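Note that the structure is a prediction, hence the values are computed from the model and not measured.
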Amino acid sequence: MKVFACLVLFAAVACATPSIGDLGKRLHDRLTGPAVGVNPFIIDGENAVEKSAPYVVSLSASNLVAAHSCAGTIIGKEWILTAAHCVDELNKLTGNVLGLTVYAGLTNRTNDEDAQVRSIDFAFNHKQYTGVEGSDDIALLHVTPAFKFGANVKAAALPYRKEQFDGETSANYGWGLEDAESSMYVKDLKVAKSDVLTAEECKEALPTDAPVSSKQICVKVAACYGDGGSPLVVEREGDVAELIGITSWGYMPCGYNNRPTVYTAVSQYVDWINEVQWAYYILY
């Protein structure tokens, strides 16, 4: 029997420590029911090279300490792109994502003395996101003050509108669990690389009733708890990394039966990103 779990459970938010904590364990219990559920972290990944992904940020479930919950990607000096399920889960856990902190410039999460810590003052989920797999799992965060770009903190580039990446080598970065039995998120940023699947290859690798939409892409990377919202990028030598996907959902146990993880295809939302940013500057 196959059961889908809500996307928000990719977050499996930690409490005030890097471990999943009691709440995270309860969420884990809800996922490990009688069959297969959903979730993302980088299993069998390698430690990322220092400063190799300066656009990756850790979203904290606390404004007092670094309590990793999800990841996000810097796309501008004041803007982060993440998964809508991460924003929903943080709202449920803390009452309001506004005021929570973001940590940028990290490779090892425990060495946060030199991190740029910013506060979320605006969060906007795609209006068509329903909390169900296959819906528009994307959100924009505005932070204050603006990031100071340098070697450790930079923006990833957005793709062209409707750009396709079939067959290109991609890299998924994250601080999620290293395996499904772990109780603590990894300290060192992990990366796993694999080619982007075509729509046909994705459907063949998933059950026939998998809720994959035309606004999603698949990669055979085993993401899991704590990797929600993390970036899938294409890295080209001498060029800025291009953000092509946001970690959304997958089958549990993580990496189950070599099934791919499903990502929100950023190229399908370029207009939406521009519209939300424009509205923010007009209204705020």
Say whether, by atom type as modelled, one donor and one acceptor occur between the side chain of S170 and the main chain of S194 under 3.5 angstrom.
yes
Does R109 use its side chain to pair, donor to acceptor, with the backbone of V186 at less than 3.5 Å?
yes
Whether the side chain of T264 engages the backbone of I138 through a donor-acceptor N/O pair (distance < 3.5 Å, no angle test) should be reported.
no
Using the rule that two of Ile, Leu, Val, Met, Phe, Trp, Tyr join whenever any of their side-chain heavy atoms come within less than 4.5 Å, decide whether L243 and V276 are in one cluster.
yes
S62 OG to L93 CG distance, which is reported to the nearest 0.5 Å:
11.5 Å
Can any side-chain N or O of Q116 pair as donor or acceptor with the backbone N or O of K148 at less than 3.5 Å?
yes
May I ask you to decide if T101's main-chain N or O and N63's side chain share a donor-acceptor pair within less than 3.5 Å?
no
Relative to the ring of W272, is the ring of Y269 parallel (under 30°), tilted (30 to 60°) or perpendicular (over 60°)?
perpendicular
Could you tell me whether a side-chain N or O of T198 sits under 3.5 Å from a main-chain N or O of D166, the two making a donor and an acceptor?
no
When you look at CD of E237, are more than 12 heavy atoms from neighbouring residues, nucleotides or ligands closer to it than 6.0 Å?
no
Do other residues, nucleotides or ligands put more than 12 heavy atoms under 6.0 Å from Y160 OH?
no
A66 to D112 - nearest heavy-atom pair and separation:
CB-OD2, 3.7 Å
For the side chain of T82 and the backbone of A71, is there at least one donor-acceptor N/O pair under 3.5 Å apart?
yes
Side-chain (S60) to main-chain (A67) donor-acceptor, under 3.5 angstrom:
yes
Would you say V56 and Y103 are hydrophobically clustered, going by side-chain heavy atoms of ILVMFWY under 4.5 Å?
yes
In terms of hydrophobic clusters joined by side-chain contacts under 4.5 Å, are F124 and I282 together?
yes
Where do D137 and A84 come nearest, in terms of heavy atoms and distance?
OD1-N, 2.9 Å
If you take all heavy atoms of Y55 and A155, which pair is closest and at what distance?
CB-C, 4.1 Å
Transitively linked via ILVMFWY side-chain contacts under 4.5 Å: Y173 with V49?
no
Closest non-hydrogen atom pair between A104 and I74, with its separation
CB-CD1, 4.1 Å
Does this structure show an ion pair linking R236 with E168, if we count only N-O contacts that are shorter than 4.0 Å?
yes
Would you say the side-chain atoms of N172 pair up with the backbone N or O of P231, donor to acceptor, closer than 3.5 Å?
yes
